Amino acid sequence: MLKAIVFDYNGTLVDDLDLAVESYFRAGTERGYPLDREKVRKHISQPPSAKRGIYFGAISDAEWAAIVNRRKQLYTELARSAFKLFPETEKTLTALSGRYRLGVLSNTFRSLYELLFPRHLAGLFQASLFFDEVPDPKPSPAPMRAMLQAMKIQARECGYVGDAVEDVQMARAAGVRSYGLTTGACSSKELSDAGAEWVGPDLGVLTSLLLNGTGSEKA
């Protein structure tokens, strides 16, 4: 039986796909890289270390650091007027916190999360872990295993909710049940092909599933 639900952040709790794409696009083009928004969108769910090579090729560490810093600055500027949660986010976290331990595990940076995510909802998470706090980010299972240890639960007692193939890959590698949402850049087929045990359109449908008990047991 599930005791905990851990959530991805971007594209899962926060409706920010366009912000993420635009911030990477502008950060790259400002420094002379021939990016296009469709290429950025196609690979946006990759960890930052992978996007480095895909978007910019063989660049120096100093150049990558400059791009990342500018991208974070642009994301923050854009988010001041366009940051938004998915409509079901608050209801989902509030409802599920009454039954499950909750956590958030993301390839974003903690500073962006703490700056923008509502504090009353952040207080519902018993544990959190971000890209700048792990040596080997998802799709490696290492961050998920660290979360399991922090929440003092077994893999079989945890479900992970995400919108990307990398989310599914991490969960499966860690032995955690994977719930896929088509709220980001990946399709239902891509999530299913990656091995997600359940794929649905939004947090509201998943919440009903979990509260009714039909999503908390292995089929």
Side-chain angles (χ1 to χ4, degrees), residues 6-30 33 35-56 67-93 104-118 121-122 128 130-132 137-139 143 160-171 178-194 196 198-207:
V6 179
F7 293 87
D8 175 44
Y9 180 70
N10 306 100
T12 298
L13 298 175
V14 177
D15 186 5
D16 67 342
L17 177 58
D18 289 342
L19 298 184
V21 170
E22 190 64 19
S23 61
Y24 264 109
F25 172 77
R26 292 190 191 181
T29 55
E30 282 181 6
Y33 295 94
L35 285 177
D36 65 78
R37 289 180 177 86
E38 285 308 309
K39 180 178 181 179
V40 175
R41 182 178 294 266
K42 180 179 179 181
H43 300 286
I44 198 65
S45 65
Q46 295 277 347
S49 54
K51 286 197 280 278
R52 171 179 174 167
I54 293 170
Y55 293 163
F56 309 110
I67 291 171
V68 169
N69 288 334
R70 180 56 176 154
R71 182 259 159 176
K72 289 167 68 177
Q73 181 183 40
L74 286 164
Y75 181 95
T76 302
E77 291 172 358
L78 292 166
R80 288 195 180 104
S81 60
F83 181 84
K84 59 183 178 180
L85 305 179
F86 284 105
E88 306 89 356
T89 296
E90 181 160 3
K91 184 177 179 180
T92 289
L93 296 180
V104 59
L105 168 55
S106 171
N107 272 349
T108 194
F109 295 91
R110 180 175 289 278
S111 59
L112 295 178
Y113 165 79
E114 292 184 344
L115 178 66
L116 297 166
F117 197 68
L121 296 180
S128 60
F130 296 91
F131 172 78
D132 44 340
K138 61 180 178 180
Y160 186 70
V161 183
D163 66 295
V165 166
E166 291 74 21
D167 297 325
V168 177
Q169 292 171 334
M170 178 190 68
S178 174
Y179 298 93
L181 299 178
T182 56
T183 48
C186 294
S187 68
S188 176
K189 184 178 186 305
E190 288 173 319
L191 295 169
S192 295
D193 287 349
W198 178 92
V199 178
D202 57 51
L203 287 168
V205 176
L206 177 60
T207 301

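All values reported here derive from a predicted model rather than from experimental measurement. Each residue takes its place number in the sequence, starting with 1.
D202 pairs by the salt bridge (charged side-chain N to carboxylate O under 4.0 Å, His left out) definition with nothing, not counting sequence neighbours. In this structure, the ring-ring contact (aromatic ring centres under 6.0 Å, His included) partners of Y24, at least two apart in sequence or on a different chain, are Y55. Partners of V165 under the side-chain contact (heavy atoms from CB on, under 4.5 Å) rule, at least two apart in sequence or in another chain, are Q169, C186, E190, A194. Checked against salt bridge (charged side-chain N to carboxylate O under 4.0 Å, His left out), R52 has the following partners two or more places apart in sequence or in another chain: D61. Residues forming a side-chain contact (heavy atoms from CB on, under 4.5 Å) with I54 (at least two apart in sequence, or on another chain): K39, H43, Q46. Considering only residues two or more places apart in sequence or on other chains, R110 meets the salt bridge (charged side-chain N to carboxylate O under 4.0 Å, His left out) condition with E114, E133.
When all heavy atoms of A122 and F117 are compared, the pair lying nearest together is N-CE2, 3.7 Å. Here the closest heavy-atom approach between residue P118 and residue L85 is recorded as CG-CD1, 3.9 Å. Between L112 and R71, the closest heavy-atom pair is CD1-NH1, 4.3 Å. Residues A82 and L19 approach most closely at CB-CD2, 3.7 Å, considering heavy atoms. Minimum interatomic distance between S192 and V199 (heavy atoms only, all atoms of both residues): OG-CG2, 3.5 Å. The nearest pair of heavy atoms linking L105 to K138 is O-NZ, 3.7 Å.
A heavy-atom distance below 4.5 Å is found between the side chains of L181 and W198. Proximity of D167 to Y179: side-chain heavy atoms (C-beta onward) are nowhere separated by under 4.5 Å. Residues E90 and L121 form a side-chain contact, since some pair of their non-hydrogen atoms from C-beta on lies under 4.5 Å apart. Inter-residue side-chain proximity for V21 and E38 is flagged as unmet; no heavy-atom pair is nearer than 4.5 Å. The side-chain heavy atoms of T76 and Q73, taken from C-beta on, include no pair separated by under 4.5 Å. Proximity of E166 to N107: side-chain heavy atoms (C-beta onward) are nowhere separated by under 4.5 Å.
Rounded to the nearest 0.5 angstrom, K72 NZ and L115 CG are separated by 10.5 Å. Note that NZ of K51 is 10.0 Å distant from CZ of F56, once rounded to the nearest 0.5 Å. In this structure, CG on L35 lies 13.5 Å from CZ on R26, to the nearest 0.5 angstrom. Annotation: the span from D163 atom CG to F86 atom CZ amounts to 7.0 Å, rounded to 0.5 Å.
The backbone N or O of L13 lies less than 3.5 Å from a partner atom in the side chain of T89, making a donor-acceptor pair. A donor-acceptor pair under 3.5 Å is formed between the side chain of T183 and the backbone N or O of G11.
A ring-centre distance under 6.0 Å is found for F131 and F109.
Just one residue in the list V6, D8, V14 forms a side chain to side chain contact (heavy atoms under 4.5 Å, CB included) with S106, and that residue is D8.
Under the 3.5 Å distance criterion, with hydrogens and angles disregarded, no donor-acceptor pair is assigned to the side chains of D16 and Y9. Counting only N and O atoms by type, the side chains of T207 and T92 include a donor and acceptor under 3.5 Å apart.
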